[in-house]
Amino acid sequence: MRVLFTTTPGWGHVHPLVPLARALQERGEEVLWAASGKLAPTLERAGFQAQAAGIALGDGPPPFDPSQLASVPERDRSTFIFTSVFAGALVPPMLADLGPIVERFQPTLLVREAAEFAAPIAAAAAGVPCVTHSLGRIMPAEHMAAIGEQVAGLWQEFGPEPRPYAGSYEHLYLDICPPSLQSAEMDHAGLVQLARPVAFASEGGDGLPGEELPSWQPPYSTYPLVYVTFGTAFASRLAPTATVLRALGELPVRVVATVGPDGDPAQLGEQPRNVHVARYIPQTELLDDCAAVVSHAGSGTLFAALARGVPQLCLPMAADQFQNADACVAAGAGLALSADDVIEQSVRGAIEELLDSPEPRAAAGRIAREIAAMPTPDEVAQALAARFPV
């Protein structure tokens, strides 16, 4: 097979697909990535072929007026961003680059991450199957129907008849969401293949190397470890990080917080000896030792922590994070605070509850076993080869 992976900008959209891309490559399949020029160099350093495609967020004018977002209720912002940005501003430039890449590479299969809506059009125009690789929980049918309407004109412009749900579920949906966290409504997804979420340890964004873990001295070396992260897209929002660190600095815990490649640990000021702040440390070096995680409830962090049986305090900010947080709480594997409740007392109390109560860790352990039973990237690669023979 010749497999073309496509992605929008953002490491949270790339990392979930890397284990499958690597498994296909190790099988001897030819793999090429079409990704933002900012992502391509790091993908190449990870051992892949990559070609620049689409635009990078942060290059040129923003794809939408940020002031519009302020008037949208927090829980509706995911739909707004998906229709305005992912299915709006990002699609035409990606499609313009993707057409020539498809023509040169002649893929036999496209694998797109669930927020990249140019690939189904390019695949249909070329007569090639296109598989959707999920990033987390499935988007509701009504949201996907609206996205289908948003991109219908581009389908017509490039020749193919518009497909339902923007062509996202025409061939196969790879679902990395543990079943106990998934939406009950998945009829619109068509054929579904479960795929185990596997954390990918890479360099930080823009080639920033991972930093070393601190060397804890007694008595801190015996304290439970709490990891604080708001991912790569939200890490530079230092206000919630500062609140969390003030809350945790007074507890008998070790704290490792990351602020992302664009953040500056110095801006958080001097920290107590039980708190260590870095730009980027791979989660795979931290999570096995963690007693709890504080995060924005991005799917990558949520699934990586739960795969190790680690309960989580969710502080959702945007996108699908509110739904992820709701699912985590409903499963008993964590707690959540709204933006208005992110104050020192509330954060401290929530972490104490997660550390002192056995129920969240037991629930997280159940989800860890569920994730462990999902098909591995190697098994999914084998299934793709069987389903889409050359």
**Request:** Could you please spell out the steps behind the side-chain hydrogen bond (donor to acceptor under 3.5 Å, both in side chains) verdict for Thr229 and Gln283?
**Result:** CA-CA 9 Å; Thr229 177; Gln283 291 183 357; 4.6 Å; no
**Request:** Drop me the distance from Arg308's CZ to Leu286's CG, to the nearest 0.5 angstrom.
**Result:** 10.0 Å
**Message:** Using a strict threshold of under 4.0 Å (side-chain N to carboxylate O), is an ion pair present between Arg348 and Glu250?
**Reply:** yes
**Asked** Between Gln312 (side chain) and Leu306 (backbone), is there a donor-acceptor pair under 3.5 Å?
**Response** no
**Asked** Are Val329 and Ile371 linked, directly or through other ILVMFWY residues, by side chains that come within less than 4.5 angstrom of each other?
**Response** no
**Request:** Treating Ile, Leu, Val, Met, Phe, Trp and Tyr as nodes and any side-chain heavy-atom pair under 4.5 angstrom as an edge, say whether Phe48 and Leu98 lie in one connected cluster.
**Result:** no
**Asked** CE of Met139 to CE of Met186: how many Å apart, nearest 0.5 Å?
**Response** 13.5 Å
**Request:** Would you check, one step at a time, whether the test side-chain hydrogen bond (donor to acceptor under 3.5 Å, both in side chains) holds for Arg104 with Gln51?
**Result:** CA-CA 11 Å; Arg104 290 192 301 269; Gln51 293 189 14; 2.9 Å; yes
**Asked** Looking only at atom types and distance, does a side-chain atom of His171 sit under 3.5 Å from a main-chain N or O of Cys130, one as donor and one as acceptor?
**Response** yes
**Closest approach of Leu194 to Cys177 (non-hydrogen atoms, all atoms of both residues)** = CD2-O, 4.4 Å
**Message:** Consider side chain to side chain contact (heavy atoms under 4.5 Å, CB included). Of Ile101, Leu39, Val14, which one does Trp33 pass it with?
**Reply:** Val14
**Request:** With rounding to the nearest 0.5 Å, note down the distance linking CZ in Arg387 to CG in Leu109.
**Result:** 11.5 Å
**Message:** Once side-chain hydrogen bond (donor to acceptor under 3.5 Å, both in side chains) is applied, do any residues pair with Asp289, and if so which ones, sequence neighbours excluded?
**Reply:** Arg254
**Request:** For residues Leu315 and Phe230, determine if any side-chain heavy atom of one lies less than 4.5 Å from a side-chain heavy atom of the other.
**Result:** yes
**Request:** Group every Ile, Leu, Val, Met, Phe, Trp and Tyr by side-chain heavy-atom contacts under 4.5 Å, then state whether Val255 and Val347 land in the same group.
**Result:** yes
**Prompt:** Would you call Arg246 and Glu344 a salt bridge, using N to O less than 4.0 angstrom?
**Reply:** yes
**Asked** Checking side chain to side chain contact (heavy atoms under 4.5 Å, CB included) for the pair Leu95/Phe158: CA distance, chi angles, key distance, verdict?
**Response** CA-CA 9 Å; Leu95 196 52; Phe158 280 80; 3.1 Å; yes
**Complete:** Distance col, row Met374:CE vs Thr376:OG1, nearest 0.5 angstrom, shows 11.0 Å
**Prompt:** Which atoms form the tightest heavy-atom contact between Leu245 and Ala257, and what is the distance?
**Reply:** CD2-CB, 3.9 Å
**Message:** Around atom CG of Asp356, are there more than 12 heavy atoms from other residues, nucleotides or ligands closer than 6.0 Å?
**Reply:** yes
**Message:** Measuring from atom CG of Leu43 to atom NZ of Lys38, what distance do you get when rounded to the nearest 0.5 angstrom?
**Reply:** 15.0 Å
**Message:** Do His133 and Glu113 pair up side chain to side chain, a donor and an acceptor below 3.5 Å, judged on atom types alone?
**Reply:** no
**Asked** Hey, is the main chain of Pro377 close enough, under 3.5 Å, to the side chain of Arg196 for a donor-acceptor pair?
**Response** no
**Asked** Would you call Cys314 and Phe322 a side-chain contact if the rule is heavy atoms closer than 4.5 Å?
**Response** no
**Under 3.5 Å: donor-acceptor pair, side chain of Asn324, backbone of Gly298** = no
**Prompt:** Side chains of Thr6 and Arg112: is there a donor and an acceptor less than 3.5 Å apart?
**Reply:** no
**Prompt:** Is Arg2 reaching over with its side chain to a backbone N or O of Phe105, donor-acceptor style, under 3.5 angstrom?
**Reply:** yes
**Request:** Tell me whether Leu110 is reachable from Phe388 by hopping between hydrophobic residues (I, L, V, M, F, W, Y) whose side-chain heavy atoms are closer than 4.5 Å.
**Result:** no
**Side chain Gln106, main chain Glu103, donor-acceptor under 3.5 Å** = yes
**Asked** When you measure from the side chain of Thr258 to the backbone N and O of Ala278, does any donor-acceptor pair fall under 3.5 Å?
**Response** no
**Prompt:** Does a donor on one side chain sit under 3.5 Å from an acceptor on the other, for Gln193 and Asp175?
**Reply:** no
**Asked** With distance as the sole test, does Thr243 use its side chain to make a donor-acceptor pair with the main-chain N or O of Ile343 at under 3.5 Å?
**Response** no
**Request:** Of all the heavy-atom pairs spanning Trp11 and Pro16, show the shortest one and how long it is.
**Result:** O-CD, 4.3 Å
**Prompt:** Ignoring hydrogens and geometry, is there a side-chain-to-backbone donor-acceptor pair from Gln321 to Met317 under 3.5 Å?
**Reply:** yes
**Request:** Say whether, by atom type as modelled, one donor and one acceptor occur between the side chain of Ser357 and the main chain of Leu354 under 3.5 angstrom.
**Result:** no
**Message:** Does Gln382 have more than 12 heavy atoms from other residues, nucleotides or ligands lying within 6.0 Å of its CD?
**Reply:** no
**Request:** Keeping to residues at least two apart or across chains, list the side chain to side chain donor-acceptor pair (under 3.5 Å) pairs with something in residues 360-369.
**Result:** none
**Prompt:** Can you name the closest pair of heavy atoms from Asn274 and Leu248 and give their distance?
**Reply:** ND2-O, 3.8 Å
**Asked** If two hydrophobic side chains count as joined below 4.5 Å and joins carry through other members, does Val3 share a cluster with Val128?
**Response** no
**Prompt:** Taking the inter-plane angle between the rings of Tyr223 and Tyr220 on a 0 to 90° scale, is it parallel (under 30°), tilted (30 to 60°) or perpendicular (over 60°)?
**Reply:** perpendicular
**Asked** Closest heavy-atom contact between Ala89 and Pro92?
**Response** O-CD, 3.8 Å
**Request:** From the options Leu174, Val192, Ile176, Leu17, select the one residue that forms a side chain to side chain contact (heavy atoms under 4.5 Å, CB included) with Ser134.
**Result:** Ile176
**Request:** Compare every heavy atom of Phe303 with every heavy atom of Gly136, then report the nearest pair and how far apart it is.
**Result:** CA-CE1, 3.7 Å
**Donor-acceptor side-chain pairing of Glu116 and Thr8 below 3.5 angstrom** = no
